[in-house]
Peer 1: 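My structure is below; once you've seen it, I'll send some questions.
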Amino acid sequence: MALLILDNLSTYKRTCCISPSHTLSLLPSVSLNQLLAFSMGGKAMGVPFCFLSILLFSSFSLGPGNMATVSVKAVTKIAKTDINFICATIDWWPKEKCNYNMSPWYNSSIINLDLNNTILFNAVKAFKCLRIRLGGTLQDRVVYKVGRKPVKCENFKLDQNELLGFTTGCLNKSRWDELNAFFNKTGAIITFGLNALNGRKKAPEGNLYIGDWDSTNARKFIRYTVKKNYKIEAWEFGNEVSGRGIGASVDAKQYGKDLIALKKLINRLYRNSSTQQKLLAPGGFFEAQWYAEMLQTSGSGVVDAVTHHIYNLGAGVDKELIHKIQNPYYSSRIVQTYNDILTVIKDSSSWSSTWVGEAGGAYNSGGKDVSNTFANSFWYLDQLGMVSTFKHKVFCRQALIGGNYALLDTTTFIPNPDFYSALLWHRLMGPGVLHATHDSSPFLRSYAHCSRERPGITVLLINLSNSASFDVTVSSDLNLYPNSLAQSLASVTATGHREEYHLTSQRESRRRRTTLLNGQLLKPTTDGQIPEMKPVIADSAAPLHVAPHSVVFARFKDIKAPAC
């Protein structure tokens, strides 16, 4: 117990503001059993949580190959995601968008992205049906140049006197045609974010915008889209105008009233369509009272999916960003938000599903040399696993391309590590979510789903520790009763063979922008194709080794899982 893993300890020092000497002074009076009891929700001798967290975490970091058992409750599903849970965004930001004396967007905007790039095309097509959300901060500044008498509009220009520091921008008919040709060829599923500020005026004080929404320009745009038979699955209303807003806000009751008008408009324009378009709202940061009032005002059957944004790592310039990513205590703080939004929907809008409409980890374009590296996959995959257990249907990553948090390099289009993490999730993790627990360190994260379109289950294991490895046994818990009522655990250890996908960083550096799959470097082929991602085959009964700072997907095709 006296040996501490210094990297993990330093992570906790940053959160808890304590020193190693203070930690060690507690060791004689705290037993491991007491620590375990406390970690499960109990209290131990009035010792603060952060002290106990360090002791508990370090106690499991001694030596290689810590034994761990992952138990998957395989009788019933605890949640169900959309079959196309993985989503990525394309933003409006022009190349002039800068943060912290950096301008990381280049030509990655909806307006100027090179749609003829081979790697981009193949990256989207690799998913067969990748969800793409078109939207972002400037979407409430976009004018659509369509219709018989199109409005005059120009490209975005820097102007600090304008809302969000830019003039209004323009989406013209020819660019919309090009985008839809690309989406059609790649099989992408599209959500388009509409301008929700059109027609409103800024109040004398604060950032509140008042007045009814003017639907004229949006109506022309949607009508043109329907006429061209472009396949837009969902329309989202505004970006980050909920609650206090980012730059601009709209009152919840006013916004709810406008949603009713937009829903009627969509239904009217698509009245001859064989498919039903979804309406998403509000695409902002969750504030319980505002969200509840918005849903109560809009009423039954208007909002199909409630969307909220996640930037739980803080500012991209934060020097502690990489330590936050590897801190299980810090990562889990967002769970309360995931739970709270479900409560609001249950009370106010039981017909709506829940989406994470935008999530970049760190805001203001992400963290340079962190958000685009292997280390970020710890945060990204942990959030995917976490949010799926809280009944969210879709998770949209900011961004497919652009900024420091892009799945694809903004200038070369070469995939960053998180692209391969997203693709493996999409191919392996089905919509059926199972409850998974383990008996080891919180630095080992475990999630389980029914396998996608194949028999069995797939387990995701994330090792946040820089020094401890784990030898994991996976069992299927077939007990129908809560543990408090059960006489014994009715579990079946996996048999047969399993497929393993081990993701590690090159040369053991978390900050590298490369990923190894089972020891082989993942990179596009010379003709721009996304590489094959083949598993290694192992005996399911043998422990699954999870190396320090690594991620493992393991598919068990023969495991007993009635829920699947």
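Keep in mind that this is a model prediction, so the values were computed, not measured.
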Peer 1: Using a 3.5 Å distance criterion without hydrogens, assess whether the side chain of Ser365 forms a donor-acceptor pair with backbone atoms of Asn99.
Peer 2: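 Pair absent, no side-chain N/O of Ser365 close to backbone of Asn99.
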Peer 1: Is a donor from one side chain sitting under 3.5 angstrom from an acceptor on the other, for Asp418 and Ser377?
Peer 2: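 Per modelled atom types, Asp418 and Ser377 side chains form a pair under 3.5 Å.
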Peer 1: Using a strict threshold of under 4.0 Å (side-chain N to carboxylate O), is an ion pair present between Lys263 and Asp304?
Peer 2: yes
Peer 1: For a quick test of reading the model, state the closest non-hydrogen atom pair linking Ser465 to Ala468 and the distance between them.
Peer 2: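 Minimum heavy-atom separation between Ser465 and Ala468: OG-N, 3.0 Å.
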Peer 1: Cut-off 3.5 Å, no hydrogens considered: what does the side-chain donor-acceptor table look like for residues 87-94, sequence neighbours left out?
Peer 2:
| unit_1 | atom_1 | unit_2 | atom_2 | d |
| --- | --- | --- | --- | --- |
| Thr89 | OG1 | Arg397 | O | 3.4 |
| Thr89 | OG1 | Gln398 | OE1 | 2.4 |
| Asp91 | OD2 | Gln398 | NE2 | 2.8 |

Peer 1: In terms of side-chain geometry, is the basic nitrogen of Arg513 or Asp369 positioned less than 4.0 Å from the acidic oxygen of its partner?
Peer 2: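 No, this pair does not count.
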Peer 1: Aromatic rings Phe395 and Phe85: how do their planes relate, parallel, tilted or perpendicular, breaks at 30° and 60°?
Peer 2: tilted
Peer 1: Tell me, do Asn112 and Tyr106 make a side-chain contact under 4.5 Å, heavy atoms counted?
Peer 2: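 In short, these two side chains do not touch, never coming nearer than 4.5 Å.
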Peer 1: If you measure from the Lys or Arg side-chain nitrogens to the Asp or Glu carboxylate oxygens, is any gap between Arg141 and Glu162 under 4.0 Å?
Peer 2: yes
Peer 1: I'd like to check Val552 versus Leu503 (side-chain heavy atoms, cut-off strictly below 4.5 Å). Are they in contact?
Peer 2: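 No, every pair of side-chain atoms sits at 4.5 Å or beyond.
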Peer 1: Taking the six-membered ring where the residue is Trp, are the ring centres of Tyr255 and Trp290 under 6.0 Å apart?
Peer 2: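 Yes - the distance between ring centres of Tyr255 and Trp290 falls below the 6.0 Å cut-off.
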Peer 1: Going from CG on Asn416 to CG on Leu408, what distance comes out if it is rounded to the nearest 0.5 angstrom?
Peer 2: 7.5 Å
Peer 1: In the structure I gave you, are the side-chain heavy atoms of Ile246 and Asn239 within less than 4.5 Å of one another anywhere?
Peer 2: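 No; the side chains remain at least 4.5 Å from each other.
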Peer 1: May I have the step-by-step check of side-chain hydrogen bond (donor to acceptor under 3.5 Å, both in side chains) for Ser550 and Asn463, ending in yes or no?
Peer 2: CA-CA 5 Å; Ser550 73; Asn463 187 355; 5.1 Å; no
Peer 1: Looking at Glu236 and Thr191, would you say the former's side chain and the latter's main chain have a donor-acceptor pair under 3.5 Å?
Peer 2: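 No; zero donor-acceptor contacts below 3.5 Å.
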Peer 1: Glu293: which residues meet the side chain to side chain donor-acceptor pair (under 3.5 Å) condition with it, sequence neighbours left out?
Peer 2: none
Peer 1: Between the main-chain N or O of Glu233 and the side-chain N or O of Lys278, is there a donor-acceptor pair closer than 3.5 Å?
Peer 2: no
Peer 1: Both conditions, 6.0 Å and 45 degrees, for the charged tip of Arg555 above the ring of Phe553: are they met here?
Peer 2: no
Peer 1: Over all heavy atoms of both residues, which pair between Asp382 and Ile462 is shortest? Give the atoms and the distance, please.
Peer 2: N-CD1, 3.6 Å
Peer 1: For the residue pair Asn404 and Pro104, what are the closest heavy atoms and their distance?
Peer 2: OD1-CB, 3.8 Å
Peer 1: With a cut-off of 6.0 Å (strictly less than), are more than 12 heavy atoms of other residues, nucleotides or ligands near NZ of Lys253?
Peer 2: no
Peer 1: Give the minimum heavy-atom separation between Val124 and Ala188, together with the two atoms involved.
Peer 2: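 Taking every non-hydrogen atom into account, CG1-CB, 4.3 Å.
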Peer 1: Is the shortest side-chain heavy-atom distance between Val335 and Met386 below 4.5 Å?
Peer 2: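 Counting from C-beta outward, Val335 and Met386 do come under 4.5 Å.
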Peer 1: Which pairs would a plain distance check flag for residues 355-363, meaning a side-chain donor or acceptor within less than 3.5 Å of a matching protein atom at least two apart in sequence or in another chain?
Peer 2:
| unit_1 | atom_1 | unit_2 | atom_2 | d |
| --- | --- | --- | --- | --- |
| Glu358 | OE1 | Arg133 | NH1 | 2.7 |
| Glu358 | OE2 | Tyr311 | OH | 2.5 |

Peer 1: So which atom in Leu464 and which in Ile325 form the shortest heavy-atom distance, rounded to 0.1 Å?
Peer 2: CD2-O, 4.2 Å
Peer 1: From the options Asp258, Asp251, Asp140, select the one residue that forms a salt bridge (Lys or Arg N to Asp or Glu O under 4.0 Å) with Arg200.
Peer 2: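 Of all the options given, the one that passes is Asp258.
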Peer 1: When rounded to the nearest 0.5 angstrom, what is the spacing between OG in Ser353 and CG in Asp82?
Peer 2: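 Spacing of OG (Ser353) from CG (Asp82) equals 8.0 Å.
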Peer 1: I'd like to know whether Phe127 forms a ring-ring contact (aromatic ring centres under 6.0 Å, His included) with Phe419, so could you lay out the CA-CA distance, the side-chain angles of the two residues, the decisive distance to 0.1 Å, and finally the verdict.
Peer 2: CA-CA 11 Å; Phe127 287 83; Phe419 171 84; 5.7 Å; yes
Peer 1: Side-chain donor-acceptor pair under 3.5 Å between Trp379 and Ser371, yes or no?
Peer 2: no
Peer 1: Does the side chain of Ser451 come under 3.5 Å of the side chain of Thr458 through a donor N or O and an acceptor N or O?
Peer 2: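 Side-chain D/A pair, Ser451 to Thr458: present.
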Peer 1: Within the 4.5 Å heavy-atom criterion, are Trp105 and Lys95 side-chain neighbours or not?
Peer 2: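 No; the side chains remain at least 4.5 Å from each other.
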Peer 1: Is there a donor-acceptor pair closer than 3.5 Å between any side-chain N or O of His309 and the backbone N or O of Glu240?
Peer 2: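 No; zero donor-acceptor contacts below 3.5 Å.
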Peer 1: Got a donor-acceptor contact below 3.5 angstrom from the Gln139 side chain to the Gly238 backbone?
Peer 2: yes
Peer 1: How many angstroms lie between atom OG of Ser331 and atom CD of Gln383, to the nearest 0.5 angstrom?
Peer 2: 6.5 Å
Peer 1: Ser242 vs Glu287, test: side-chain hydrogen bond (donor to acceptor under 3.5 Å, both in side chains). Steps then yes/no.
Peer 2: CA-CA 8 Å; Ser242 59; Glu287 294 181 30; over 6 Å; no
Peer 1: Does Asn195 reach the main-chain N or O of Val142 with its side chain, forming a donor-acceptor pair under 3.5 Å?
Peer 2: yes
Peer 1: Atom NZ of residue position Lys391 - does it have more than 12 heavy atoms of other residues, nucleotides or ligands inside 6.0 Å?
Peer 2: no
Peer 1: Spell out, as yes or no, whether a donor-acceptor pair under 3.5 Å connects the side chain of Lys324 to the backbone of Leu313.
Peer 2: yes
Peer 1: Hey, does the side chain of Asn327 reach the backbone of His323 with a donor-acceptor pair shorter than 3.5 angstrom?
Peer 2: no
Peer 1: Under a 3.5 Å threshold, yes or no: a donor from one side chain and an acceptor from the other, between Tyr100 and Asn364?
Peer 2: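 Yes, because at least one side-chain N or O of Tyr100 sits under 3.5 Å from a partner of the opposite role on Asn364.
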Peer 1: So do the side chains of Thr81 and Val394 get within less than 4.5 Å of each other, counting heavy atoms only?
Peer 2: no
Peer 1: Do the ring planes of Phe221 and Phe192 sit parallel (below 30°), tilted (30 to 60°) or perpendicular (above 60°)?
Peer 2: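 Tilted: the ring planes of Phe221 and Phe192 meet at 30° to 60°.
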Peer 1: How about His392 and Tyr338: do any of their side-chain heavy atoms sit closer than 4.5 Å?
Peer 2: yes
Peer 1: Could you verify whether a donor N or O on one side chain and an acceptor N or O on the other, from His449 and Ser388, lie under 3.5 Å apart?
Peer 2: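 There is such a pair (donor and acceptor under 3.5 Å, judged by atom type) between the side chains of His449 and Ser388.
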Peer 1: Compare all side-chain heavy atoms of Phe237 with those of Leu280 and state whether any distance is below 4.5 angstrom.
Peer 2: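 Sidechains of Leu280 and Phe237: no contact.
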Peer 1: Calculate, to the nearest 0.5 Å, the distance between atoms CD1 and CD1 belonging to Ile189 and Ile132 respectively.
Peer 2: 9.5 Å
Peer 1: If you take all heavy atoms of Gly193 and Tyr144, which pair is closest and at what distance?
Peer 2: O-OH, 4.0 Å
